[in-house]
Amino acid sequence: MLSAKNRAFVSPRKLRRCFSSKQEYTEITKEDGVFMVEINRPEVRNCVNHGTAAELHRAFMMFEETEECGVAVLSGRGGHFCAGYDLKELAGTSVASILGKYELGPAPMGPTHLTRLSKPVIAAVSGYAVAGGLELALMCDMRVVEETATFGVFCRRFGVPLMDGGTVRLHQLIGLSRAMDMILTGRPVDAKEAYSFGIL
């Protein structure tokens with residue numbers, strides 16, 4: 001785990017920038033062989049809407065095709081990794097209709113159905129990685145977290161299921177008993193407990 005005081009020593013912004021592309025909801029930076037994808041919706045704790053999901057999916061397809069980059073880092077701007085799917089977009093509709101949008105395209109959270117990436121992906125987690133944000137973190141091969149990190153199946157509180165592989169990946173990673181604890185209670189799990197669970 002990384003404390004706030006040590007954050008500057010590992011900040012990718014200290015490295016030489018080779019390429020940067022800012023989209024509407026995300027920013028891609030390639031430098032020193034690292035492909036960095038940052039969710040840029042800090043005003044909603046980096047919740048993912050349909051546009052963000054599409055951008056994230058395209059970003060990881062680009063990463064797969066970028067020969068000079070051997071690893072990707074997924075992060076969120078403004079102190080939070082990702083607080084899940086944007087519930088404002090769900091308002092007035094059903095989960096089934098939302099899922100229908102993604103039947104032939106990206107997954108609801110974007111790249112979470114890309115199970116055949118040939119290169120490793122690291123989640124750099126600060127603040128909330130909850131609901132769909134937890135699913136994004138679980139999609140990654142490694143999770144490096146700050147002490148501020150909070151994991152949880154918060155969507156459980158609103159009657160919204162994990163809909164993007166989280167129920168499968170979570171119990172594969174930490175075991176069925178601990179996964180059921182998180183899924184059934186929807187309680188927050190801080191960085192220290194997440195470490196003891198084996199999420200990191």
Side-chain angles (χ1 to χ4, degrees), residues 1-4 7 37-39 41-42 44-49 52-53 56-57 60 72-91 93-96 98-99 102 106-115 117 120-200:
M1 292 180 289
L2 301 175
S3 64
R7 192 182 314 165
V37 182
E38 184 178 52
I39 305 172
R41 299 190 76 208
V44 290
R45 295 177 177 174
N46 295 316
C47 284
V48 170
N49 59 9
T52 312
L56 287 172
H57 184 269
F60 280 95
V73 177
L74 175 61
S75 63
R77 182 167 296 182
H80 292 284
F81 179 71
C82 173
Y85 198 85
D86 193 337
L87 295 182
K88 289 183 179 179
E89 193 164 280
L90 279 176
T93 187
S94 66
V95 172
I98 291 293
L99 291 175
Y102 303 97
M109 295 302 296
T112 41
H113 291 181
L114 297 177
T115 58
L117 290 174
V121 180
I122 300 171
V125 180
S126 59
Y128 281 155
V130 299
L134 173 64
E135 295 186 284
L136 280 176
L138 294 174
M139 175 204 80
C140 298
D141 300 287
M142 294 175 59
R143 285 147 295 281
V144 179
V145 310
E146 294 185 5
E147 292 174 340
T148 62
T150 298
F151 298 89
V153 187
F154 285 13
C155 49
R156 169 76 174 81
R157 304 174 182 181
F158 305 99
V160 179
L162 288 173
M163 56 186 181
D164 228 359
T167 52
V168 175
R169 291 184 173 117
L170 186 61
H171 100 261
Q172 288 178 339
L173 188 64
I174 66 174
L176 182 59
S177 179
R178 284 174 169 164
M180 291 297 284
D181 172 9
M182 293 182 66
I183 292 168
L184 293 178
T185 65
R187 69 180 181 85
V189 174
D190 64 19
K192 185 176 180 180
E193 187 175 18
Y195 177 76
S196 72
F197 274 12
I199 293 176
L200 313 188

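Quick caveat: nothing in here was measured; it's all calculated off a predicted structure.
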Q: Taking all heavy atoms of Ile199 and all of Arg143, pick out the closest pair and write down the distance.
A: O-NE, 2.5 Å

Q: Using the test ring-ring contact (aromatic ring centres under 6.0 Å, His included), find all partners of Phe151 that sit at least two apart in sequence or belong to another chain.
A: none

Q: Is there a donor-acceptor pair under 3.5 Å between the side chain of Asn46 and the backbone N or O of Arg41?
A: yes

Q: Would you call Tyr128 and Pro188 a side-chain contact if the rule is heavy atoms closer than 4.5 Å?
A: no

Q: Would you please name every residue forming a side-chain hydrogen bond (donor to acceptor under 3.5 Å, both in side chains) with Arg156, sequence neighbours left out?
A: none

Q: To the closest 0.5 Å, what do you measure between OG1 (Thr150) and CG (Leu134)?
A: 11.5 Å

Q: Applying salt bridge (charged side-chain N to carboxylate O under 4.0 Å, His left out), name anything that partners Asp141, two or more places apart in sequence or on another chain.
A: none

Q: Could you tell me if the side chain of Thr52 sits less than 4.5 Å from the side chain of Glu89, heavy atoms only?
A: no

Q: What residues, two or more places apart in sequence or in another chain, satisfy salt bridge (charged side-chain N to carboxylate O under 4.0 Å, His left out) together with Arg187?
A: Asp181, Glu193

Q: For Met142, enumerate each residue passing the side chain to side chain contact (heavy atoms under 4.5 Å, CB included) test, keeping only those at least two apart in sequence or located in another chain.
A: Ile122

Q: Does some side-chain heavy atom of Ile39 sit less than 4.5 Å from a side-chain heavy atom of Leu136?
A: yes

Q: So which atom in Cys82 and which in Met109 form the shortest heavy-atom distance, rounded to 0.1 Å?
A: SG-CE, 3.8 Å

Q: Please check if the side chain of Arg77 supplies one atom and the backbone of Glu38 the other of a donor-acceptor pair under 3.5 Å.
A: no

Q: I need the Leu138 CG to Gln172 CD distance, nearest 0.5 Å.
A: 10.0 Å

Q: Going by the rule side chain to side chain contact (heavy atoms under 4.5 Å, CB included), which residues pair with Ser126 if we only count those two or more places apart in sequence or in a different chain?
A: Glu146, Thr148

Q: Measure from the side-chain N and O atoms of Arg45 to the backbone N and O of His80, and report whether any donor-acceptor pair falls under 3.5 Å.
A: no

Q: Check whether any side-chain heavy atom of Phe81 lies under 4.5 Å from a side-chain heavy atom of Leu74, and answer yes or no.
A: yes

Q: Check Gly110 against Leu56 and note the closest heavy-atom contact, atom names and distance.
A: CA-CB, 4.4 Å

Q: Hey, does Arg169 have a side-chain heavy atom less than 4.5 Å from the side chain of Met139?
A: yes

Q: If you look at every heavy atom in Val145 and Ala191, which pair is closest and at what distance?
A: CG2-CB, 4.1 Å

Q: Taking only residues two or more places apart in sequence or in another chain, which ones pass ring-ring contact (aromatic ring centres under 6.0 Å, His included) with Phe60?
A: none

Q: Using the side chain to side chain contact (heavy atoms under 4.5 Å, CB included) criterion, which residues pair with Ala131? Sequence neighbours excluded.
A: Cys155

Q: In chain order, what residues pass the side chain to side chain contact (heavy atoms under 4.5 Å, CB included) check against Arg178, with sequence neighbours excluded?
A: Ile174, Phe197

Q: Say whether, by atom type as modelled, one donor and one acceptor occur between the side chain of Arg157 and the main chain of Gly186 under 3.5 angstrom.
A: yes

Q: Mind listing the closest non-hydrogen atom pair of Ala124 and Val73 along with its distance?
A: CB-CG1, 3.9 Å

